[in-house]
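Please read the structure below before turning to the comments.
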Amino acid sequence: MTINMEIVNRYIHDFVELLHEPKQPPHDGKLKVGVDLGTANIVISVLTEENIPVAGSLYPASVVRDGLVVDYVGAVDIVKKLKTGLEKRLGITLTEAAGAVPPGTVGGNRKAIQNVLESAFFEVTNIVDEPTAAASVLGIKQGVVVDVGGGTTGISILKDGEVIYTADEPTGGTHMTLVLSGYYHISFEEAEQLKTDREREEEVFSLIRPVVEKMASIVEKHIQGYGVDNIYLVGGASSFTKFADVFREQIGIETVRPDHPLFITPLGIAMNC
Ligand SMILES: Nc1ncnc2c1ncn2[C@@H]1O[C@H](COP(=O)(O)OP(=O)(O)OP(=O)(O)O)[C@@H](O)[C@H]1O
Ligand SMILES: [Mg+2]
């Protein structure tokens, strides 16, 4: 199955433009809200009922680790602040929201995510699986969604719209930053800055390429025997221009990565509100 990447990218770009300047909200009709509590970032996205982007907000945070809420009070505080900020910008109150959990989450953590949202005065309509959220934006029913986040890489195989296999591997953008920090003898924070400096992308990518190759070999092992035809990369750490090429060349399966991959899951969470 092929997806129309042009349409997906236009959608993502529309949303990213709204991060600083929201659209006037529609006077009637409800708004759909998605809250993504990630290891590296907390993102809130706001859509119309027809899934048209209205507003969004991002806050770098370390209140969640590997999908688990480790700083409950901090998480609630940030979600509250983001919510209030968006409400001020939009001039309305946001009432309902959906949250998400990493693939394969069982038991208590689903409840913890729900509690964070409720403590921030949201009525929770849904707690969706992250890969299902991403698939909603991409418009896919088959293939593997690889979510390269801060601390973890989620691997989720979809068939007929259902997630049939999931794995969460402890590798992600943090590992890339550590490689840069070690190579240049600079602090983690400086390395993080360097990593996202587009002017030095070529030099950076040559150093973190082995991390990406390792990720590709991990993904290749997981998807063996599932007849996967397409790999879809999402998550902030897959932002590098050549990231998909490494996967395609190494695994030999068509691999695509939308623009601004960090926002795919947050947008999909709102779609499932
Ligand atoms: N432009 C960029 N280039 C390279 N890396 C980036 C870029 N933007 C973000 N990242 C990296 O992406 C990671 C965060 O991605 P994302 O927000 O998808 O993760 P998360 O959802 O918070 O974490 P997780 O999914 O592990 O819980 C960080 O390591 C960050 O440094
Ligand atoms: Mg994530």
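Note: hydrogens, waters and symmetry copies are ignored here, and every other heavy atom, side chains too, is used. Whatever order the structure lists them in is the order used to number ligands and atoms, beginning at 1. Model, not experiment: these values are computed from the prediction.
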Pairing donors with acceptors under 3.5 angstrom, does anything connect the side chains of Gln114 and Glu118?
yes

Enumerated ligand 1 atoms positioned under 4.0 Å from heavy atoms of Gly173:
29 (O)

Top protein contact for atom 24 (P) of ligand 1, by heavy-atom distance:
Thr39 OG1, 3.3 Å

Measure Ser239 to ligand 1 on non-hydrogen atoms and call it side chain, backbone, both or neither using the 4.0 Å cut-off.
side chain

The closest protein heavy-atom partner of atom 21 (O) of ligand 1 is Gly38 CA, 3.6 Å

Would you say Asp147 and ligand 1 have an N/O pair spaced under 3.5 Å apart?
no

Between Thr241 and Glu201, is any side-chain donor less than 3.5 angstrom from a side-chain acceptor?
yes

If we only count N/O pairs under 3.5 Å, is Ala40 in contact with ligand 1?
yes

Check the hydrophobic clustering (I, L, V, M, F, W, Y; side-chain heavy atoms under 4.5 Å; chains of links allowed) and say if Met176 and Val246 are grouped together.
yes

Would you say ligand 1 has an N or O under 3.5 Å from any N or O of Gly236?
yes

Is it the case that ligand 1 has an N or O less than 3.5 angstrom from some N or O of Lys195?
yes

Does one hydrophobic cluster hold both Ile186 and Leu178, with members joined at side-chain heavy-atom distances below 4.5 Å?
no

Below 4.0 angstrom from a heavy atom of Leu262, which ligand 1 atoms are there? Numbered from 1 as shown, please.
9 (C), 17 (O)

Under 3.5 Å: N/O of Glu130 near N/O of ligand 1
no

I need the nearest protein heavy-atom contact for atom 25 (O) of ligand 1: residue, atom name and distance, please.
Gly149 CA, 3.6 Å

Measure from NZ or CZ of Lys83 to the centre of the six-membered ring of Phe121 and say whether it is under 6.0 Å with the direction within 45° of the ring axis.
no

Check: Tyr226 and Val144 side chains under 4.5 Å, non-hydrogen atoms
no

Any atoms of ligand 1 less than 4.0 Å from a non-hydrogen atom of Phe240? List them with their elements.
4 (C)

Quick one about Tyr232 and Thr255 (side-chain donor to acceptor, distance below 3.5 Å, no hydrogens or angles considered), yes or no?
no

Polar atom proximity, Ala237 to ligand 1 (N or O, under 3.5 Å):
yes

Should the pair Arg198 and Phe240 be classed as cation-pi, given the thresholds of under 6.0 Å to the six-membered ring centre and 45° from the axis?
yes

Using a 3.5 Å cut-off on N or O atoms only, is Val148 in polar contact with ligand 1?
no

Could you tell me whether the side chains of Glu123 and Thr95 share a donor-acceptor contact shorter than 3.5 Å?
no

Under 3.5 Å between any N/O of Thr196 and any N/O of ligand 1: does that happen in this structure?
no

Which of the numbered atoms in ligand 1 are below 4.0 angstrom from a heavy atom of Arg198?
1 (N), 2 (C), 3 (N), 4 (C)

Given Ser45 and Phe263, is the side-chain contact (heavy atoms from CB on, under 4.5 Å) satisfied, shown in steps?
CA-CA 9 Å; Ser45 46; Phe263 295 107; over 6 Å; no

Do we see a donor-acceptor contact under 3.5 Å between the side chains of Asp160 and Gln142?
yes

What do you reckon, are the aromatic ring centroids of Phe243 and Phe247 less than 6.0 Å apart?
yes

Among all the protein's non-hydrogen atoms, which is closest to atom 17 (O) of ligand 1, and how far away is it?
Asn41 ND2, 2.9 Å

Using only heavy-atom distances, determine whether the side chains of Thr84 and Glu87 contain a donor-acceptor pair under 3.5 Å.
no

Is there at least one pair of N or O atoms, one from Gly150 and one from ligand 1, spaced under 3.5 Å apart?
yes

Below the 3.5 angstrom mark, is there an N/O of Thr177, backbone or side chain, next to an N/O of ligand 1?
no

Compute the minimum heavy-atom distance from Met176 to ligand 1 and say whether it is under 4.0 Å.
no

Hydrogens and angles aside, do Asn272 and Ser136 bring a side-chain donor and acceptor to less than 3.5 Å of each other?
yes

Of all protein heavy atoms, the one nearest atom 30 (C) of ligand 1 is Glu192 OE2, 3.4 Å

Find all atoms of ligand 1 within a distance of less than 4.0 Å from any non-hydrogen atom belonging to Gly235, and give their numbers and elements.
18 (O)

Could you check whether any heavy atom of Gly172 sits closer than 4.0 Å to an atom of ligand 1, since that is the contact criterion I want to use?
no

